[in-house]
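Bear in mind the structure is a predicted one, so any value in this text is a computation, not a measurement.
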Amino acid sequence: MIATTLLPVAATRPGDATPADLERRYGAANYHPLPVTLQRGAGVWLFDTAGRRHLDMMSAYSAVSFGHGHPALVRVLTEQAERLAVTSRAFHTDRLGPFLRAVCETTGMAKALPMNTGAEAVETAVKAARKWAYKVKRVPEGRAEIIVAAGNFAGRTTTIIGFSSEAQYRDGFGPFAPGFVSVPFGDAGALEAAITSNTAAFLVEPIQGEAGIIVPPAGYLARAREICTRHGILLICDEVQTGLGRTGAVLACDHEGIRPDGLVLGKALGGGLLPVSAFLATEEVMAQFTPGDHGSTFGGNPLAAAVGEAALDLLVRERLSERARVRGDELLAKLRAIDHPGVVEVRGKGLLIGVEIDPAFASARAVCEGLLARGVLSKDTHGTVVRFAPPLVVESEHVDLAVEALAETLRSLDRRVA
Ligand SMILES: *Cc1c(COP(=O)(O)O)cnc(C)c1O
């Protein structure tokens, strides 16, 4: 609607370089986009400046779980924007309380602290865990440790990249904050062995997204829950990517029937329209924050709260978790049925699926370029994995289209090899 009339006019001038040229000319080169310039989105579809239609198999790393421009969410966004958008937390608004209740009731957590990006909510979790360790567990000042899993991705702030195991995320950005200990992902024994009297928390993604859709052994989270409880440390799950229906349950934690002490949500919480994140916790953990301890200019603003509440409502009303489970099983089975030697593994849960490509056959980037040529948009992760993580509103016909595009791409790369 609005986007189709405003965007092209604002983006280019007659005789100008292309918008992509302008990005290259005026932007930092911290991304390497595929050669397509998007202009409009509707549901599972994205449209480029040439008017070509593409199936979105990325959904902005799960941020667009509800599909592009969901009418109910756009209505809430525009109505709230006209009424009241940003006030700061110096005042109550009529939107924040209902949003906090909705996010707590949806997840079964006691309290929520709203932020904007996922990284900010993870930072909030780190602060909460440390203060809890000092004030409740009586860890000596400055000694609190947080255990993380190798391969983690929790955002790009300096503290967070400090506990990343990815060399490129760290290279040239140190010095890093101390207080983090890394253990192999999926290994509950290694977690238990790393716990000391100074351990505050174990921070973990139930499925590692950016690492390449790494699914841990069944029972891992349940064992981590038991170990954390027994040793008196907090279990904090980073569900920024896995949360809100993506894996076929409201939370990926639900698959193992556990509740963490701290929970991080983001991405889809903003309904694909704006950044909304939250740190959720038990009463005891959240009680560590007192006025002035922590904050955010935009966190919990009425616009974000209204859209977040509407997104949570939609998650339930459109049965998106169940649809992600059914459609995810279907997509997983059909991708596995391609059975091509260039595919090392197809793995995932719900609609969070990774296809690992044999690097001797082709780069994941080359596969993504082949998909793009066939009207399917995805992005490689770590050079070898192609993500299949569409909006959760995807239908069977879209699944078939994506699978056929991958099969054709692999065949075309066969011909190149031959
Ligand atoms: C994307 C992501 C984040 C960071 O979110 P941003 O909004 O990009 O800061 C944190 N944790 C996980 C698991 C993520 O996938």
Please report, to 0.1 Å, the donor-acceptor pairs under 3.5 Å made by any side chain of residues 212-221, with sequence neighbours excluded.
residue: Y220; atom: OH; partner: G186; partner atom: N; Å: 3.3

message: Do V44 and D56 make a side-chain contact, defined as non-hydrogen atoms from C-beta onward lying under 4.5 Å apart?
response: no
- prompt: Does a side-chain N-to-carboxylate-O contact under 4.0 Å join K334 and E330?
  reply: yes
task: For the pair E322 and R319, find out whether any cationic side-chain nitrogen is under 4.0 Å from an anionic carboxylate oxygen.
output: yes
query: Tell me, do I146 and V181 make a side-chain contact under 4.5 Å, heavy atoms counted?
result: no
task: Please say whether the positively charged group of R170, taken as NZ for Lys or CZ for Arg, lies over the ring of F176, i.e. under 6.0 angstrom from the six-membered ring centre and within 45 degrees of the axis.
output: yes
query: Angle class for the H294/F289 ring planes (parallel below 30°, perpendicular above 60°, tilted otherwise)?
result: parallel
query: Just checking, is any N or O donor in the side chain of E239 or T242 under 3.5 Å from an acceptor N or O on the other one?
result: yes
message: Do R53 and F47 form a cation-pi contact, if we require the NZ or CZ to be under 6.0 Å from the six-membered ring centre and within 45 degrees of the ring's axis?
response: no
Tell me which donor-acceptor pairs under 3.5 Å the side chains of residues 301-316 have, and how far apart each pair is, sequence neighbours excluded?
residue: N301; atom: OD1; partner: L303; partner atom: N; Å: 3.1
residue: N301; atom: OD1; partner: A304; partner atom: N; Å: 2.8
residue: N301; atom: ND2; partner: F298; partner atom: O; Å: 2.7
residue: D313; atom: OD2; partner: R317; partner atom: NE; Å: 2.9
residue: D313; atom: OD2; partner: R317; partner atom: NH2; Å: 2.9

All pairs passing ring-ring contact (aromatic ring centres under 6.0 Å, His included) where residues 313-348 contributes a residue, at least two apart: H340-F361
field: Among L280, L263, V276, L244, side chain to side chain contact (heavy atoms under 4.5 Å, CB included) partner for V103
entry: L280
